[in-house]
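Take a look at the structure below.
This structure is a prediction, so every number in the text was calculated from the model and none was measured. Counting convention: from 1, in listed order, for ligands and their atoms alike.
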Amino acid sequence: MRTPQIHPKIFAERRARLAPLISNSALILPSHPEMIRNHDVHHPYRQDTNLYYLTGFEEPESILVFRPGKKPETVMFVRVRDVERETWDGFRYGPEGVVRQFGIEAAYPISEFENMTSDLLLDVDKVYYTLFKDHECDERMARTLLSTKSKRRRSGRGILPIYDSYPLIGEMRVRKTDYEIEVLRKAGHVSGKAHEAVMRATRPGLNERYLQGVFIKEIMSMGASREGYGTIVAAGPAATTLHYVFNDQPLNAGELLLIDAGAEVDYYTGDITRTYPISGKFTDVQARLYGRVLELQKHLINMVKPGLRYLDLQETTVEGLIEIMIAEKLLKGSKDEIKSSGSYKKYYPHGVSHLLGSDVHDAGLVEVNGQSRPLESGMCLTIEPGIYIPSDDTSAPEELRGIGIRIEDDVLVTVDGHEVLTSAAPKEINDLEAIIGKN
Ligand SMILES: [Mn+2]
């Protein structure tokens, strides 16, 4: 027997907030498709974020049908209990367990989805469903809609119109509730403490993978469910590859290490990047460049408050990094020329920030009607400037080639400013040098 990790009232409150936005409609939300099985080994499963957001239910092969104001209002289709399958794959709640433990009004076997849902759609005007996420489910939806149409033939109405539910739910997820802020604080803290442990474990001769192992051990021991995204442990020139995935090279003395890793706690994730010397002491060149990026990163964090536009953050980042590039003799010319030509992108090709929440690149818009959106209290975002000089870039000063630096923290917008959620991860040069390799 299992019990849900989070109280069902959290999810009922979310459905209640969504309800007025979709009156006279049915929202149909399927689970994330099961991962490909490799030689009968199951990959770890993570529920579709929106389905989890509205139900707290974590099993695959499940679908929510939510019809605000109708009876029953919440219906789920789930896997039935099965002694043999559960022996292999583990516990299932089954329809009875879903009703008993998740506050869902009615639940049925997943095999009943088409037949029963075509009836549940008889008295709604439209359907919220997101196409092209799961081909198989799209086909079931098409058959269901066709069946509803033929069941209400005499009404003279055609196939129910389909609207995408993602923008609606995404908008709900943009401003975090007090509960979500608490969980995000924990995710930021756990991520930060794990980064500190990795710093203490860092020394030349180890493999990148070893440090990933330390990170996972630390976050899990503090209650995280999993890594929030693919961890990047990039030693030396690998740090100039933005989405480095191999994590299998040795750590060499004298080089920098870039680690981008976050812990997921109760479906909310931290997202932190730190860059520091493998041997525990910055060289003069490393300290100079790192210090400049750090100063800019702290300036950007201090800008965060309600009303600040995303665009302003990005512009300030680009201007700050161009100044660094000119000072470091990476680029020639005036700031304006470099900015308008975009030549800085050679060393800084990404955005400075993204929204953060249940997904590492969280749902919600940062542009509305073509305008950059002002920040509002309750939003959570990353601040992550970086500079990356490829090792084969012969136009760059030799001392800088192969250096990649990114510094990333998670910041909550508060009523009158901001709160850094990831301050448990050291980033000042003195603090880093005091702990690297010292566990
Ligand atoms: Mn990030």
Side-chain angles (χ1 to χ4, degrees), residues 46 49 170 173-174 176 180 183-195 198 211-212 215-216 219 224 226-234 238-245 247 256-265 267-276 290 293-294 296-301 303-304 308 310-311 313-314 316-318 320-321 345 347-367 373 375 379-388 404-413 418-427:
R46 184 186 190 269
T49 305
R173 286 170 48 189
V174 169
K176 272 62 180 178
E180 290 177 295
V183 185
L184 274 165
R185 276 196 190 110
K186 181 166 183 201
H189 184 74
V190 166
S191 304
K193 292 307 268 183
H195 269 267
V198 170
L211 295 183
Q212 185 175 6
F215 185 80
I216 294 170
I219 63 169
R226 54 181 84 88
E227 296 159 281
Y229 52 93
T231 293
I232 297 169
V233 185
T240 64
T241 302
L242 292 181
H243 290 158
Y244 179 72
V245 292
N247 298 355
L256 290 174
L257 178 79
L258 182 153
I259 167 164
D260 184 345
E264 186 186 296
V265 176
Y267 278 77
Y268 289 84
T269 191
D271 182 4
I272 301 178
T273 308
R274 289 292 182 264
T275 309
Y276 52 89
Y290 179 86
V293 178
L294 180 61
L296 173 63
Q297 198 246 9
K298 291 196 286 191
H299 174 67
L300 293 164
I301 289 175
M303 289 172 67
V304 173
L308 177 76
Y310 238 83
L311 190 68
L313 268 178
Q314 186 68 21
T316 307
T317 305
V318 166
L321 287 170
K345 288 180 186 160
Y347 301 116
Y348 169 65
H350 60 80
V352 70
S353 174
H354 53 81
L355 295 175
L356 183 74
S358 283
D359 291 315
V360 64
H361 292 176
D362 207 33
L365 302 174
V366 294
E367 252 188 31
R373 179 176 191 164
L375 297 180
M379 285 183 168
C380 185
L381 67 159
T382 64
I383 298 288
E384 47 178 315
I387 191 164
Y388 316 90
I405 293 171
R406 179 167 64 255
I407 309 168
E408 174 180 31
D409 283 294
D410 304 341
V411 182
L412 173 73
V413 186
H418 61 268
E419 174 186 335
V420 179
L421 304 180
T422 44
S423 49
K427 63 181 174 183

Side chain to side chain contact (heavy atoms under 4.5 Å, CB included) with L381: of D271, L412, V413, D362, only one passes, and it is V413
State which residues pass ring-ring contact (aromatic ring centres under 6.0 Å, His included) with Y348; sequence neighbours excluded, sorted by chain then number.
H350
Of all heavy-atom pairs linking T269 and G228, the shortest is OG1-CA, 3.1 Å
For E180 and R173: C-alpha separation, side-chain torsions, deciding distance, then whether salt bridge (Lys or Arg N to Asp or Glu O under 4.0 Å) applies.
CA-CA 9 Å; E180 290 177 295; R173 286 170 48 189; over 6 Å; no
Within the distance-only criterion (no hydrogens, no angle test), does the side chain of T382 pair as donor or acceptor with the backbone N or O of D409 below 3.5 angstrom?
no
Sum up the protein N, O or S atoms located under 2.8 Å from the Mn ion (ligand 1).
4
Test: R226 cationic atom under 6.0 Å from Y267 six-membered ring centre, within 45° of axis:
yes
